[in-house]
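One structure is given here, and the rest of the page talks about it.
The model shown is predicted, which means the values in this text are computed figures rather than measured ones. Letters A, B, ... are given to chains in the order of the sequence lines, protein chains preceding strands, and every chain is numbered from 1.
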Amino acid sequence: MPESTTKTASATRELTFAQAVNEALAEEMRRDKRVCILGEDVAEAGTPFKVLSGLVQEFGVERVIDTPISEAGFTGVGVGAAMTGMRPVVDIMFGDFLTLTMDQMVNQAAKVHYMSGGKWKVPMVLRTTLGASRRSAAQHSQSLHAWFSHVPGLKVVMPSTPWDAKGLLKSAIRDENPVVFFEDKMMYKLKGPVPAEEYTIPFGVADVKREGEDITLVATSSMVQVALEAAELLEAVGISAEVIDPRTMWPLDEKALIESAKKTSRVMVIDEGYERYGVTAEIASVIAEGAFFDLEAPVKRLGAMHVPIPFSPPLEDVTVPTGPGVFAAAKKLCGKS
Amino acid sequence: MPESTTKTASATRELTFAQAVNEALAEEMRRDKRVCILGEDVAEAGTPFKVLSGLVQEFGVERVIDTPISEAGFTGVGVGAAMTGMRPVVDIMFGDFLTLTMDQMVNQAAKVHYMSGGKWKVPMVLRTTLGASRRSAAQHSQSLHAWFSHVPGLKVVMPSTPWDAKGLLKSAIRDENPVVFFEDKMMYKLKGPVPAEEYTIPFGVADVKREGEDITLVATSSMVQVALEAAELLEAVGISAEVIDPRTMWPLDEKALIESAKKTSRVMVIDEGYERYGVTAEIASVIAEGAFFDLEAPVKRLGAMHVPIPFSPPLEDVTVPTGPGVFAAAKKLCGKS
Amino acid sequence: MSTVANQTGAEAPVKKEKLLEMYRRMQMIRQFEEQVNELYTRALMPGLAHLYIGEEAVAVGICEALNVDDYITSTHRGHGHCVAKGASPDRMFAELLGKEAGYCKGKGGSMHIADPATGNLGANAIVAGSAGIATGAAFSAKHAGKGQVAVCFFGEGALGQGVVYEVMNLAALWKLPVIYVCENNLYTEYTHFSETLAGDLLQRGTAFGVPSEAVDGQDVMAVNNVAKRMIARARAGEGPSFLVCNTYRYTGHHVGDINREYYRSKQEEQEWKTSRDPIKLLTKWLTEQGHASTEELSGIAQEVAAEMKAAVEFAIASPYPAIDKVAQDVYA
Amino acid sequence: MSTVANQTGAEAPVKKEKLLEMYRRMQMIRQFEEQVNELYTRALMPGLAHLYIGEEAVAVGICEALNVDDYITSTHRGHGHCVAKGASPDRMFAELLGKEAGYCKGKGGSMHIADPATGNLGANAIVAGSAGIATGAAFSAKHAGKGQVAVCFFGEGALGQGVVYEVMNLAALWKLPVIYVCENNLYTEYTHFSETLAGDLLQRGTAFGVPSEAVDGQDVMAVNNVAKRMIARARAGEGPSFLVCNTYRYTGHHVGDINREYYRSKQEEQEWKTSRDPIKLLTKWLTEQGHASTEELSGIAQEVAAEMKAAVEFAIASPYPAIDKVAQDVYA
Ligand SMILES: Cc1ncc(C[n+]2csc(CCOP(=O)(O)OP(=O)(O)O)c2C)c(N)n1
Ligand SMILES: Cc1ncc(C[n+]2csc(CCOP(=O)(O)OP(=O)(O)O)c2C)c(N)n1
Ligand SMILES: [Mg+2]
Ligand SMILES: [Mg+2]
């Protein structure tokens, strides 16, 4: 089966992000009987986002399993099941509830392989969501991927398109390690091409979503769409922006990021998590160090404001990066104000 | 009462770090009846580290309260108690167990004030430990302060000396917000001067632990001792190192860090948490941006290796920064190899 | 589970004034929620909301037995608790619309209304997220020694969360004045509780040393009676209690949950609405016992309707917070 | 809590071979731990360790009833479980000293010994940290359909952790073949369990639909009998059980906990050691019933002593892992 990291494929269809995720799960469940899904309202309801619709009909309640509201408990069951022969995909409805899984993921899943001297493995996937702007307030809007990226033993995946979502999720399910897979809730309806034939996308390979010469916009998850919008606006003022998507926070394709920075000499990093002590800090540091002698300006970071996400629409709207916001900052970084 | 940020005081004594913490708690409990301590084996046992010895004798079991092994539960009780008039100091024995408190600290404590439009406050302190090299293996050696630093609504304190520990802890207890206070287990026996008179240390004020000209070593918690050791070694080869301690991760004294970087033009950031996506990334980014035109070399970061902390002594010893390690890297950064 | 008290078994006679106040609060909740649904349907409300319709007797039966300085914590389905504890509909609607005049200046929204003036520590969008907070409030109350109590409302879905048992254990050990009120409305989102909870619900309190009872949650007088007993125990320093209120939510899990037949039948919904409606039951009892006439009661309902209409208009007309407010209130 | 089965009430006769094997394993644990204490005292062991001395009958009574491909999860006080499930002392000592030859190549140490060959999913330094893992192993076992079971060992302190109840509920709902074994040795670190656990311990299983029993944890035959029943239930697809074993740790919470009088009396310790020692009790029973002579038994003890001596020497002589191993095994 080809590992596809580019956007060429013999036949593609338009799928939504949600459909791409659904298809990845269905294909892997068909291929491998050990794959099962655990989570709240994943079966008949197909999750509140309807991402899993139809799976219980095909695979039955033995493999698509509704759980009580016990995030720590069923994540822990996922860890143990993964150690003993299953390939569980654990569903955490809102990324905000990851707070409840930290011990299972960090003290257990991430460390089992190392602490056992390589004897036990934990091939599980924790699928969850991130992202604000749904008017869901502070406990249903967080993007907490920085925490997991900090923890050795975990891999962290953040797809930005239906194509990437499918290919990366299939890789995640086949990976021998615990993988945390973040889906932006606002992207579920986003449409894009997805190859008709089987493919996977390897971890640790960044993808250039748009080529450019004057500035590099490093963006994650739905911020890729934001960066692409900004790139259009920049083009209109004569600035050619490259948009590069690391796709996995860990492993991180440092080389590709540094190369792009060296080429353009100006970099902005955009992520929907809190800017402070968030993933933009790591990425900016890696680039500032690796491209030190080629940068014409400091690496600029743009993440969420350092506030709990407010409910009120006009307030919420200013807390996360937007296309026009990225455009303005990027233009300034290029010396045009 | 004077806010003391410097090391001058009319009378000082030598105290251990543990004694300084103990004294801060005792003084605040005498001053304010609302201050109480909740945690596992905090009363008669005075914690396994004996840091709280004597407090239950003075303040009684109504204010120094042994809890079951229910980190989420009693942290949650701390949040509710803080909202309704107490000033609880919650004790989490090993920083590794913070995994169990994440929902209480992040979804509740950090957000209550904002979500209620400023109506409820959560004046609580979560005291906990960090640090490896006690041969305690992967689940008793983590330094997880980066997670909390990422979360708006929390303040994060990391004292590096007995003096700072006492002054910062007193400020933490008087703060109107949830404060996470990290103590390095390996520092409890460290001795240092502590003023005899009452003092507090404000948050957000970095402290220059040693002045220097050629390179800035930004260091946190026990890494300040490591940096000071490295500074001695550097002096011997003719390099003058400035050691600066931010003391609080949030609020962060960006100005002082940038000023020092501008002065020396070379910077290394040393922290015992994982380097990847850790606090060194934020600090390095802030400096790389703020001192961009003054830096002669990329900001160098040094944190823990990206591995769960191993038990075996020779392996554990190479996972965290050491004086000689910092010395070697700093020397190289200064162009001497 | 058995119903420990019912209307006929009411222990101490309740004054007419109180009875009518309970009726009014139940009407307020019902009509408040109908307006919320209307706002959602008219696309005037940002986001979603979880309606309390059908469960009014629980919040009202319990909060009537509380003082203003007693504490409550609430849930994602929290409007009923707010109203029952004494909040004003206008500022609640303003909060739901994200307006500056809202209880939380628009920063909280439907799932986070809090109000120190009525002892409301806040709704919580984390299932079981306020179990620790309520227990902590009881901890403070015990230290303050003024006889306050804390009531922790949660759905039966919260019984899946371990933290509930952690704090019950603490409350029992320390004899804290807290009442854990489980609103068993049969469903956690789209799943019947029998699929997610094993064993016996009441034992989940007693196992941790917390005396436990169940009550018909559609019968406001029954709820009120058992609440009074539990609150009296708590005030007397005898510790926590656990109360399971058997009830039903008439509408969807949230306002957008329209097609429910894949998880529950229309017939089931109809049965509850027809024969177990808490407002109908109270109306019947009040009139049969001669506490009030039908006219009196429908007069109250009309007053409430006018109040709700004005409150909604107030909220719609209110301004949003200024953008620069976004960075305020992060730290105290 | 009542003792459900005891030596005299043993249900099916156990073969002599098995009896002596249980005796041997108990001796192995006892002597292993004595050596650990010795290594600590001689400053040959890095860090600390938590000794299982006094509790041998629990691990041995249960693990004797398991097959090699059944799973166990263990705790910070885990050496006894390891030995009982069949691990070799030499590689265990090597692990405790951080040597390459250890079960985890020295990376885990005392609190993390794991061994797939004997179904040991690993000790855990987070109290209750393996509750999820054990339940997950039972989940796999159910799916695999080969009749395996999982045993989750934990101290009574773990009953403070909510996750235990979350997974018990799941195990009951899904009828998973898992046995939760609570080793109630009366203390969680330096605190008597009565100060930290309210209510009735057995109800903490039954409340979540998990059949629960208590047993004298010093009586290996009693433990073995009830374990067999619970394991048979699990293998038959009848779901989880909860077993409280009443026992005692003779020494400190860890090897460095020498002065214990502020939390328990010397007299209490003495009583358990004198009249409730599991090895003495088994010795007495074996000889009285004529299953073995004192000579036979002391012969076994001596063999074990020789084995332990050799094992310690092996571990001391073994090399540390090469430094470059530090970055291996982070990812599979
Ligand atoms: C920790 C957590 N997990 C999941 C959710 C998503 N969620 C919101 S409400 C709900 C169901 C709650 O059911 P119940 O407690 O019975 O309350 P009800 O909605 O029936 O009033 C779920 C699963 C959440 N908010 N928090
Ligand atoms: C989550 C967590 N909290 C606290 C600790 C510290 N700790 C280690 S052992 C222990 C006591 C455990 O008591 P119990 O479960 O009864 O086991 P025992 O030591 O008696 O065998 C504590 C509090 C821990 N390891 N993990
Ligand atoms: Mg419900
Ligand atoms: Mg114990």
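No part of D69(D) comes within reach of chain A, as not one of its non-hydrogen atoms sits under 4.5 angstrom from that chain. For Y103(D), the parts sitting under 4.5 Å from any heavy atom of chain A are the backbone and the side chain alike. Interface residue L121(D): backbone and side-chain heavy atoms are both found under 4.5 Å from chain A. With a threshold of 4.5 angstrom between heavy atoms, I65(A) approaches chain D through side-chain atoms but not through N, CA, C or O. Only the backbone of Q328(D) comes within contact range of chain A, judged by heavy atoms closer than 4.5 Å. Of the atoms belonging to Y71(D), it is side-chain heavy atoms, and not backbone ones, that fall under 4.5 Å from chain A. Residue contact with chain A, scored on non-hydrogen atoms closer than 4.5 Å, is absent for L176(D). Only the side chain of K121(A) has a heavy atom closer than 4.5 Å to any heavy atom of chain D. Neither the backbone nor the side chain of V178(D) has a heavy atom closer than 4.5 Å to any heavy atom of chain A.
With hydrogens and angles ignored, the 3.5 Å screen pairs no side-chain donor or acceptor of N169(D) with any backbone N or O of F208(D). Remark: side-chain polar atoms of K155(A) are not paired, donor with acceptor, to backbone N or O of M249(A) under 3.5 angstrom. The backbone N or O of D70(D) sits less than 3.5 Å from a side-chain atom of K85(D), completing a donor-acceptor pair.
Ring-plane geometry between F154(D) and F242(D) is classed as parallel, the angle between the planes falling under 30 degrees on a 0 to 90 degree scale with a further cut at 60. Ring geometry for H254(D) against H50(D) counts as perpendicular: the plane angle is over 60°, on a 0 to 90° scale with 30° as the lower cut.
Using a 4.5 Å heavy-atom threshold, the side chains of T128(A) and L98(A) count as touching. With contacts defined as side-chain heavy-atom distances shorter than 4.5 Å, the pair L97(D)/Y320(D) does not qualify.
With a 6.0 Å cutoff to the six-membered ring centre and a 45° limit on the axis angle, R127(A) does not count as a cation-pi contact of F181(A).
Interface summary for chain A: among V164(D), V163(D), V330(D), the most heavy-atom pairs under 4.5 angstrom belong to V330(D). For the set G129(D), G108(D), A114(D), the count of heavy-atom pairs under 4.5 angstrom toward chain A peaks at G129(D). Of the listed residues (K111(A), Q108(A), E176(A)), the one with the most heavy-atom contacts under 4.5 Å to chain D is Q108(A). Annotation: maximal heavy-atom pairing with chain D below 4.5 Å, among Q104(A), E71(A), E62(A), occurs at E62(A). Of the listed residues (S116(A), G73(A), G117(A)), the one with the most heavy-atom contacts under 4.5 Å to chain D is G117(A). Options L38(A), D175(A), V122(A), L154(A) differ in how many heavy-atom pairs under 4.5 Å they form with chain D, and the most are formed by L154(A). In terms of heavy-atom pairs under 4.5 angstrom with chain A, the leader among P116(D), G122(D), G109(D) is P116(D).
Looking at H143(D) and R63(A), their side chains never bring a donor and an acceptor atom within 3.5 Å of each other. No hydrogens or angles considered: a donor-acceptor pair under 3.5 Å links the side chains of R233(D) and S241(D). Side-chain polar atoms of Y180(D) and T135(D) form a donor-acceptor pair below 3.5 angstrom.
Residues of residues 78-97 of chain A placed with any heavy atom under 4.5 Å of a heavy atom in chain D are listed by number as V79(A), G80(A), A81(A), M83(A), T84(A), G85(A), M86(A).
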Would T73(D) and S130(D) count as a side chain to side chain donor-acceptor pair (under 3.5 Å) here? Give the steps. CA-CA 6 Å; T73(D) 63; S130(D) 66; 3.1 Å; yes
Run D271(A) and T220(A) through side chain to side chain donor-acceptor pair (under 3.5 Å) and show every step you take. CA-CA 6 Å; D271(A) 175 75; T220(A) 64; 2.6 Å; yes
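One finds a salt bridge joining R31(A) and E28(A) here, because a Lys/Arg side-chain nitrogen approaches an Asp/Glu carboxylate oxygen to under 4.0 Å.
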